[in-house]
Amino acid sequence: MRYWLMKSEPSKRNLDDLAAMPNQTIAWDRVRNYQSRNFMRHQMRLGDQVFFYHSCCAQPGIVGLAEVVTLAYPDATQFDRDNRYYDPKATPENPRWFNVEIKLIKRTRLVTIKELRQYPELNKMKILQVRNRLSITPIDPAEWKFILEIC
DNA sequence: GCCAACGTTGGC
DNA sequence: GCCAACGTTGGC
């Protein structure tokens, strides 16, 4: 089993949205970055554990715990001409973008990026590196355990 | 295959 | 709103 941190701007997709979904499960679609896509497509497995993170907001940080409940499949928004995430180069025969679905396990307290930066145990975390822009990053088991205990 | 231009990201 | 970083694009 692997551990991940998945980032989203709350104005686009937030923890309340996830909690309000049927079965508290949401498609992690609209990812248009190859590295993040590849994590979903090639590395995520059923049961992988996920920290749900809010970015680009007043209080960026971890807000919940979730689980990967589907393997990656083609992202429907890439085929929809009216969608802002439409990709003219993608076809159903040859899709470019993929998404998994994640299910809420529980909300956590807000663990802000500011707080995360204070723990030496976490100073290698990708999310804490300067100007990190990857929306999906792997988390070390030791880091996962540490954060789980404080959240 | 290079690389300049451009667009996006995200903490502050 | 700023701005540094960096991924993507496309002309050559």
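Here is how names work: the chains are called A, B, and so on, in the same order as the sequence lines, proteins then strands, and each is numbered from 1.
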Tell me: [atom1] of [X] to [atom2] of [N], nearest whole Å?
X	N	atom1	atom2	answer
A:Gln35	C:dT8	CD	P	8 Å
A:Leu5	B:dG11	CG	P	11 Å
A:Trp97	C:dG7	CH2	P	13 Å
A:Leu134	C:dT8	CG	C1'	14 Å
A:Ile127	B:dG10	CD1	P	8 Å
A:Asp87	C:dT8	CG	C1'	12 Å
A:Asn132	B:dC12	CG	P	12 Å
A:Glu9	B:dG10	CD	C1'	8 Å

Closest approach to the side chain of A:Lys12, judged atom by atom: which nucleotide of B:dT9, C:dT8, B:dG10 is it?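 Looking only at side-chain atoms, A:Lys12 lies closest to B:dT9.
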
Closest listed nucleotide, where the reference is the side chain of A:Arg133 and the choices are C:dG7, B:dG11, C:dT9: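 Nucleotide nearest to A:Arg133's side chain: C:dG7.
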
Report the C-alpha distance between A:Phe51 and A:Thr108 in whole Å, list the side-chain angles of each, state the deciding distance to 0.1 Å, and finish with yes or no for side-chain contact (heavy atoms from CB on, under 4.5 Å). CA-CA 9 Å; A:Phe51 286 129; A:Thr108 62; 5.7 Å; no

Donor-acceptor contact below 3.5 Å, side chain A:Thr70 vs main chain A:Glu101: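 Between the backbone of A:Glu101 and the side chain of A:Thr70 there is a qualifying donor-acceptor contact (under 3.5 Å).
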
Is there a donor-acceptor pair under 3.5 Å between the side chain of A:Asp80 and the backbone N or O of A:Thr77?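 No: the side chain of A:Asp80 does not pair with the backbone of A:Thr77.
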
Taking only Lys NZ, Arg NE, NH1 and NH2, and the carboxylate oxygens of Asp or Glu, determine whether A:Asp16 and A:Arg107 approach each other closer than 4.0 Å.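 Looking at A:Arg107 together with A:Asp16, the answer is yes, because their closest N to O distance falls below 4.0 Å.
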
Could you say whether A:Asn33 or A:Lys89 is positioned toward the 5' end of DNA chain C, judged by the nucleotide with the nearest heavy atom to each?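 Mapping each residue to its closest nucleotide by heavy atoms, the 5'-most match is A:Asn33.
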
For A:Arg117, report the nucleic acid contact type (base, sugar-phosphate, nothing); a contact means any heavy atom under 4.0 Å.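 Sugar-phosphate contact only.
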
Want to settle it: does A:Ser55 or A:Arg84 sit nearer the 5' end of DNA chain B, counting the closest nucleotide to each?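 Nearest-nucleotide comparison on DNA chain B picks A:Arg84.
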
Can a donor-acceptor pair be found between the side chains of A:Asp48 and A:Tyr3 at a distance below 3.5 Å?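 Note: A:Asp48 and A:Tyr3 side chains miss the donor-acceptor criterion.
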
Give a yes/no answer on whether the side chain of A:Tyr85 brings an N or O atom under 4.0 Å of OP1 or OP2 in B:dT8.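 Result: no.
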
